[in-house]
Amino acid sequence: MSNKLLSVTTLVLLMTGAAAHAEMWNCDYDGSWDTFDSSNQGSFQWHVIWQSSARGGWNLTGDYEDRYGESTLNGSCNDHSCLLKQAYSSGELEGKNYYWRGDYTDDLDGDTSVNNFTGTWGTTSAAENGGNWHAIANCTRNR
């Protein structure tokens, strides 16, 4: 019985330790977007936390701001490809949701990285009926 208890305790401690040491990065993006069916375009700022997922890949959470208001951005990435959901919480588009699909590259240098994103956005989870976007960030690994 005590061997079983010791094994369960060890397993719980290992799992807790692994969860506590998830890799995290802070990234501050400057980006731009355009639309397919008009000349509308703009710029945005985006602060994102990348956190490694226990299942592989990354979970992203962040704050996004452009001329239409402030919003939250959440999503996941795997194999350098991401799908994100944007939800406006203020401004002209308050209550509206948009989706962003993109691919990224990293230029890693120890605890810093330059992250370069490009993709399409839209009003459905396919994220392809709105326009193009591009963003670049300097990122720092959380220690």
Side-chain angles (χ1 to χ4, degrees), residues 4-143:
K4 230 183 217 184
L5 182 58
L6 180 60
S7 295
V8 169
T9 303
T10 302
L11 181 60
V12 168
L13 287 173
L14 286 173
M15 289 172 50
T16 304
H21 294 292
E23 185 175 356
M24 292 178 67
W25 289 79
N26 285 323
C27 299
D28 291 313
Y29 291 87
D30 285 315
S32 62
W33 54 265
D34 63 30
T35 54
F36 290 140
D37 60 354
S38 76
S39 60
N40 196 16
Q41 60 185 0
S43 61
F44 63 86
Q45 287 75 46
W46 180 26
H47 174 75
V48 174
I49 296 174
W50 291 66
Q51 183 169 354
S52 60
S53 170
R55 296 181 308 270
W58 297 90
N59 293 316
L60 278 66
T61 57
D63 300 313
Y64 171 102
E65 185 176 351
D66 65 11
R67 71 176 183 249
Y68 294 108
E70 296 178 358
S71 44
T72 58
L73 207 54
N74 297 293
S76 60
C77 303
N78 206 351
D79 296 325
H80 292 269
S81 185
C82 305
L83 177 61
L84 310 167
K85 179 181 180 183
Q86 175 189 15
Y88 276 96
S89 57
S90 71
E92 184 179 330
L93 297 177
E94 184 175 358
K96 301 274 187 193
N97 294 321
Y98 293 89
Y99 298 87
W100 301 67
R101 184 174 298 280
D103 297 322
Y104 68 91
T105 60
D106 283 313
D107 184 9
L108 294 170
D109 185 13
D111 287 341
T112 63
S113 175
V114 175
N115 183 271
N116 203 338
F117 247 125
T118 189
T120 57
W121 64 271
T123 56
T124 68
S125 61
E128 57 191 20
N129 64 340
N132 295 304
W133 66 280
H134 175 261
I136 191 165
N138 290 311
C139 303
T140 305
R141 184 188 321 255
N142 291 357
R143 289 278 176 195

Among residues at least two apart in sequence or on other chains, which ones pass side chain to side chain donor-acceptor pair (under 3.5 Å) with [X]?
X     : result
Asn78 : none
Thr35 : Ser38
Ser81 : Asp103
His80 : none

Verdict with supporting geometry, Trp100 and Trp46, side chain to side chain contact (heavy atoms under 4.5 Å, CB included): CA-CA 13 Å; Trp100 301 67; Trp46 180 26; over 6 Å; no
Ring pair (Phe, Tyr, Trp, His ring centres under 6.0 Å) partner of Tyr104, chosen from Tyr29, Phe117, Trp25, Trp58: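 Checked Tyr29, Phe117, Trp25, Trp58 against Tyr104; only one passes ring pair (Phe, Tyr, Trp, His ring centres under 6.0 Å): Phe117.
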Does the [X] side chain pair with the main chain of [Y], one donor and one acceptor, at a distance under 3.5 Å?
X      : Y      : value
Trp50  : Leu60  : no
Asp34  : Asn132 : yes
Thr140 : Asn26  : no
Arg67  : Ser43  : no
Ser52  : Ala22  : no

Going from CD on Glu65 to NE2 on His47, what distance comes out if it is rounded to the nearest 0.5 angstrom?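 Answer for the CD-NE2 pair, Glu65 versus His47, is 13.0 Å.
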Between Tyr88 and Tyr98, what is the ring plane arrangement, given parallel below 30°, perpendicular above 60°, and tilted in between?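 It falls in the perpendicular class, over 60°.
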Pairs satisfying disulfide (SG to SG under 2.5 Å), at least one member in residues 34-76, at least two apart: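 Residue pairs with at least one partner in residues 34-76: there are none.
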Please, which pairs that meet disulfide (SG to SG under 2.5 Å) have at least one residue in residues 46-93, sequence neighbours excluded?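 Residue pairs with at least one partner in residues 46-93: Cys77-Cys82.
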